[in-house]
There are 2 protein chains.
Amino acid sequence: MSARAYLVDDDEAIRDSLGWLLESRGVACESYPSAEDFLATWEPSLAGCLLLDIRMDGMSGPELFDILCERGSTLPVIFLTGHGDVPMAVSALKKGAFDFVEKPCNDNELVNRVIEALKLDENRRAAASGADSVNARVNRLTTREQQVMELILAGKLNKVIADELQISMRTVEVHRANLFEKMGVRTAVELAQLLAGKR
Amino acid sequence: MSARAYLVDDDEAIRDSLGWLLESRGVACESYPSAEDFLATWEPSLAGCLLLDIRMDGMSGPELFDILCERGSTLPVIFLTGHGDVPMAVSALKKGAFDFVEKPCNDNELVNRVIEALKLDENRRAAASGADSVNARVNRLTTREQQVMELILAGKLNKVIADELQISMRTVEVHRANLFEKMGVRTAVELAQLLAGKR
DNA sequence: GTGCATATTGTGGAAATCCGCAAGATCGCC
DNA sequence: GGCGATCTTGCGGATTTCCACAATATGCAC
């Protein structure tokens with residue numbers, strides 16, 4: 001499923017006009033008539049951004065946003081509202097909403113925001129995939145190799161590691177070489193930088 | 001100068017009442033009748049938070065905020081406004097304002113926000129001082145030592161470093177030992193972790 | 001000129017790392 | 001029982017690091 005704008009609004013006229021606007025600017029778009037409908041479809045891999053009406057029958061926009069956040073969604077959310085409400089805007093933005101715009105709004109502005117949001121999501125996913133590949137590599141390490149890695153990252157010498165793990169230095173050397181191989185690094189420094197901030 | 005709430009509002013009545021409210025809750029407070037007055041006093045070392053009225057004679061709150069941001073201020077800013085304006089709230093928060101509250105507002109709420117803002121600033125400064133101490137140490141390194149450090153962080157062996165810098169291995173060893181000493185680390189791994197994310 | 005910081009190099013030895021070669025033990029799975 | 005993954009160890013040599021001792025050169029500031 002490629003990246004697209006997910007539009008959630010209970011007003012069919014708005015879904016149609018906004019959907020047409022976005023498509024006409026080259027932004028793929030998918031519409032949902034209720035928060036519940038979108039929530040049923042949502043999964044963490046959905047990429048793109050979310051255009052969310054505030055007031056809807058059933059679940060409100062902010063309620064959906066809260067639930068998605070709890071479930072680990074990082075989808076940038078642009079709130080749409082017909083009735084200006086400062087506290088709600090403040091609350092939404094402080095919770096991490098991408099934007100909060102009042103209807104009616106300038107078409108160009110809105111499309112630009114959507115494009116910005118799509119770009120943000122793309123960048124985030126690119127960064128996360130890097131982290132994932134590192135995690136995947138860490139998980140391929142055997143238990144012993146992970147233990148040795150911890151001690152290497154603590155800056156300890158092989159002899160000290162051998163002592164702490166109650167094994168011979170030679171064994172430590174073997175684990176060390178194997179885990180470097182698996183992690184795709186050639187020195188302890190590279191390893192430290194690869195895992196910077198991950199422990 | 002200890003941390004405090006800086007209150008900027010052109011309405012003397014509000015300065016007095018808000019100042020009294022904050023003081024009565026144990027929050028040190030300092031008032032300014034105009035954005036220009038505060039700007040004249042401001043310096044990067046000012047710690048605490050800023051309570052900023054939107055509409056004022058002369059420079060407006062958002063204008064002051066923009067200028068402070070340009071000058072590198074990290075002071076959390078709470079905007080105060082009497083006339084709800086969603087686009088302005090959105091703009092302020094997206095630029096990094098801490099909060100945006102409408103007057104009149106609940107006293108307890110406001111004091112709580114101020115306390116949160118003060119805590120945020122304190123945490124930020126604590127984190128920054130750690131980073132600063134690292135930067136200070138880096139700055140104490142000589143040019144050559146910094147060059148050698150870069151290459152060490154690139155995971156290169158002393159012999160390679162010697163080759164690239166066109167100096168003897170022995171000299172690299174000397175620089176290496178000296179910079180480790182100055183940076184307060186004992187291994188290249190510790191060095192890499194100390195500078196994680198800083199280059 | 002003197003003094004200080006910086007940069008440079010050499011010698012030589014102790015300590016540590018890196019690595020190929022070889023091999024034994026355990027454990028779970030088919 | 002056999003196979004594969006994992007953990008383990010030893011030997012020996014090449015390579016690298018670490019460091020004390022010793023020394024020369026340059027440039028800047030007082």
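Note that the structure is a prediction, hence the values are computed from the model and not measured. A note on names: the letters A, B, ... follow the listed sequences, proteins ahead of strands, and every chain is numbered from 1.
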Take A:Ile167 and A:Lys182, find for each the nucleotide of DNA chain D with the closest heavy atom, and name the residue whose nucleotide sits nearer the 5' end.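 Nearest-nucleotide comparison on DNA chain D picks A:Lys182.
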What's A:Arg170 touching, base or sugar-phosphate or nothing? Going by heavy atoms closer than 4.0 Å.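 Contact class for A:Arg170: base.
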Please work out if A:Thr171 contacts a base, only the sugar-phosphate, or nothing of the nucleic acid, heavy-atom cut-off 4.0 Å. base
On DNA chain C, more 5' by nearest nucleotide between A:Arg186 and B:Thr143 is B:Thr143
On DNA chain C, does the nearest nucleotide to B:Glu173 precede the nearest nucleotide to B:Met169 from the 5' side, or the other way round? Give the residue. B:Met169
Partners of B:Tyr6 by ring pair (Phe, Tyr, Trp, His ring centres under 6.0 Å), sequence neighbours excluded?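 If we apply the ring pair (Phe, Tyr, Trp, His ring centres under 6.0 Å) test to B:Tyr6, skipping adjacent residues, the hits are B:Phe38.
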Taking the side chain as everything from C-beta on, heavy atoms only, tell me whether [X] gets closer than 4.5 Å to [Y].
| X | Y | answer |
| --- | --- | --- |
| B:Leu80 | B:Val101 | yes |
| B:Thr142 | B:Lys182 | yes |
| A:Val8 | A:Asp53 | no |
| B:Asp10 | B:Ser34 | no |
| B:Leu141 | B:Met183 | yes |

Checking A:Asn108 against A:Arg113 for the side chain to side chain donor-acceptor pair (under 3.5 Å) test, could you report, in this order, the C-alpha distance in whole Å, the side-chain angles of both residues, the deciding distance, and whether it holds? CA-CA 9 Å; A:Asn108 266 318; A:Arg113 297 299 160 81; over 6 Å; no
Between A:Phe98 and A:Phe79, is the ring centroid distance below 6.0 Å?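 That pair fails the under 6.0 Å test.
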Of all nucleotides in DNA chain C with an atom under 4.0 Å from a non-hydrogen atom of chain B, which is the first and which the last going 5' to 3'? C:dT6 to C:dT11
Need two values: the first and the last nucleotide of DNA chain D, 5' to 3', having an atom under 4.0 Å from any heavy-atom of chain A.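 It runs D:dT6 to D:dC11.
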